[in-house]
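What follows is one structure encoded as structure tokens, with my remarks underneath.
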Amino acid sequence: MTMPAKIYYDSDADLSLLKDKTIAILGYGSQGHAQAQNLRDSGLRVVVGQRPGSPNYDLAKSHGFDPLPIPEAVKQADLVNILLPDEVQAEIYRQQIRDHLRPGNILMCSHGFNIHFQQIQPPPGVDALLVAPKGPGHLVRSEFVKGGGVPCLIAVSDGASEETFRLGLAYAKGIGGTRGGVIQTTFAEETETDLFGEQVVLCGGVSELVKAAFDTLVEAGYQPEMAYFECLHELKLIVDLFYQGGLSYMRYSVSNTAEYGDYTRGPRIINDQTRQEMRKILREIQTGQFAREWILENRAGAPAFLAMRRRERNLLIEQVGRRLRKLMAWIDAKEVT
Ligand code: NDP
Ligand code: MG
């Protein structure tokens with residue numbers, strides 16, 4: 001049997017371990033703005049490293065921070081949390097962070113990609129620590145303000161001290177994570193399961209499933225508007241039921257006809273061939289093949305990535321959707337340009 005994960009709560013974490021330490025939050029985006037403010041509200045000393053000239057710089061200012069250039073923030077800090085986009089972290093680490101770290105500092109992140117795939121290798125005497133909220137930054141902030149917290153993952157690098165782990169729990173407490181619960185993991189597990197989930201289900205799997213179903217109806221002569229509602233729009237209702245009560249609650253809430261179709265037709269869509277491909281995608285993640293591909297793509301200026309983005313934005317399902325969403329005022333329709 002698989003052992004249930006160990007979960008840490010408020011009483012397992014000692015915030016006072018951080019009281020004489022300075023925490024640098026590098027980047028004031030989704031995670032940066034939330035974690036910096038929560039830590040400050042928890043009574044901790046926070047410096048923000050954020051480049052000037054962007055809305056995020058102004059936001060940090062308006063929240064009462066005095067953003068510094070990244071190297072300056074690193075120099076002042078005991079714990080340095082890199083909350084920059086994953087694909088720029090390695091270069092910024094080499095150019096603006098590495099040379100300013102001192103032994104005893106802790107290098108932190110909220111996603112393990114760069115540490116696990118060795119794009120960032122902390123110098124001797126610097127442990128790596130991951131505290132990853134399982135939710136977007138705005139939720140990390142809003143739940144904290146309400147007195148709650150978003151659950152977090154915690155992991156330390158091989159050979160890290162027990163002290164680093166305890167500081168990680170204290171950090172998680174500072175952002176509200178121990179109010180929700182903090183699950184211990186490893187850099188490998190966090191990174192690999194995160195990539196697998198987004199590729200196979202959350203982004204890749206779901207998008208392709210929706211597109212294929214939409215195309216099938218349109219090719220068969222049904223109106224694209226009908227195909228949009230059935231194959232994309234209504235997905236939200238189903239996902240909300242999953243979120244609240246898992247597969248069983250979704251099946252309890254839909255009609256018996258829908259539930260029967262689920263059991264009998266679902267396995268024909270996600271079949272042995274699909275499961276085989278999932279294992280292959282997992283191996284590409286585990287061996288680092290996917291990471292190498294994505295790193296090289298970025299080094300080349302991401303031409304294939306940008307071309308795919310352009311093409312996908314112009315699909316028929318996107319054109320139809322843009323029109324239909326305008327008819328539904330409650331949706332808070334968004335458009336990317
Ligand atoms: P965002 O894209 O929201 O914010 C990125 C920040 O980095 C901004 O402040 C941005 O500043 C700055 N930045 C971007 N490019 C550069 C650059 N070239 N040089 C200097 N600064 C730069 O990032 P997220 O908060 O989404 O992600 C941060 C980390 O958190 C990632 O490791 C991610 O995987 C992880 N994470 C994110 C979650 C989420 O829901 N968003 C959930 C859990 C983990 P500027 O405004 O100037 O561009
Ligand atoms: Mg994820």
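Every number for a ligand or one of its atoms is a count from 1 in the order of the listing. This structure is a prediction, so every number in the text was calculated from the model and none was measured.
The distance from ligand 1 to the heavy atoms of Y28 drops below 4.0 Å at these ligand atoms: 9 (O). Residue contact check: P133 has heavy atoms under 4.0 Å from atoms 43 (C) of ligand 1. Each of the atoms 32 (O), 34 (O) of ligand 1 lies under 4.0 Å from some heavy atom of H111. Ligand-side atoms of ligand 1 in range of P85: 5 (C), 7 (O), 13 (N), 14 (C), 15 (N), range being under 4.0 angstrom from any heavy atom. Atom numbering of ligand 1 starts at 1 in the shown order; those under 4.0 Å from a heavy atom of D86 are 31 (C), 32 (O), 33 (C), 34 (O). Every atom of ligand 1 is numbered from 1 in the order shown, and the set under 4.0 Å from a heavy atom of P136 is 40 (O).
For atom 15 (N) of ligand 1, the closest non-hydrogen atom on the protein side is R51 NH2, 3.6 Å. Scanning all protein heavy atoms for the shortest distance to atom 36 (N) of ligand 1 gives Q31 CG, 3.8 Å. When hydrogens are left out, the protein atom nearest atom 12 (C) of ligand 1 is L84 CD2, 3.8 Å; that is the closest non-hydrogen contact. From the protein, the heavy atom lying nearest to atom 3 (O) of ligand 1 is S30 N, 2.8 Å. Residue, atom and distance of the protein heavy atom nearest to atom 8 (C) of ligand 1 are N56 ND2, 3.5 Å. Looking from atom 44 (C) of ligand 1 to the surrounding protein, the closest heavy atom is S110 O, 3.4 Å.
Side chain to side chain, T185 and E189 meet the donor-acceptor criterion of an N or O pair below 3.5 Å. With hydrogens and angles left out, the side-chain atoms of R279 and Q276 include a donor and acceptor closer than 3.5 Å. Side-chain contact, E312 with S207: no donor N or O sits under 3.5 Å from an acceptor N or O. In this structure, a donor-acceptor pair under 3.5 Å is absent between the side chains of T191 and D194.
You'll find the ring centres of F242 and Y249 outside the 6.0 Å limit.
Proximity annotation for atom 23 (O) of ligand 1: of N114, L153, L83, N81, L83 comes nearest, heavy atoms only.
By the criterion of a heavy-atom distance under 4.0 Å, the side chain of S54, and not its backbone, is placed next to ligand 1. Using a 4.0 Å cut-off between heavy atoms, I92 contacts ligand 1 through its side chain alone, with no backbone atom that close. With a 4.0 Å heavy-atom cut-off, ligand 1 is reached by no atom of P55. The part of Q50 lying near ligand 1 is the side chain, judged by heavy-atom distances below 4.0 Å.
At distances below 3.5 Å, not a single donor-acceptor pair connects side-chain atoms of E72 with backbone N or O atoms of L68. Using a distance-only test at 3.5 Å, with no hydrogens or angles considered, a donor-acceptor pair links the side chain of D127 to the main chain of S161.
Because its NZ or CZ atom is not both nearer than 6.0 Å to the ring centre of F65 and within 45° of the ring axis, K61 does not count as a cation-pi partner of that residue.
In this pair, W294 and F305 present their aromatic rings perpendicular. The plane angle is above 60°, beyond the 30 to 60° band.
Between atom CG of residue L107 and atom CZ of residue R98 there is a gap of 12.0 Å, rounded to the nearest 0.5 Å.
Under the 4.0 angstrom criterion for non-hydrogen atoms, Q89 is in contact with ligand 1.
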**Message:** Set out, in order, the CA-CA distance, both residues' side-chain angles and the distance that settles salt bridge (Lys or Arg N to Asp or Glu O under 4.0 Å) for E225 and R323, then state yes or no.
**Reply:** CA-CA 9 Å; E225 292 77 7; R323 227 172 340 102; 3.3 Å; yes
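Any N or O atom pair closer than 3.5 Å counts here, and G29 shares at least one such pair with ligand 1.
Under 4.0 Å is where a charged nitrogen must lie from a carboxylate oxygen, and between E143 and R179 no such pair does.
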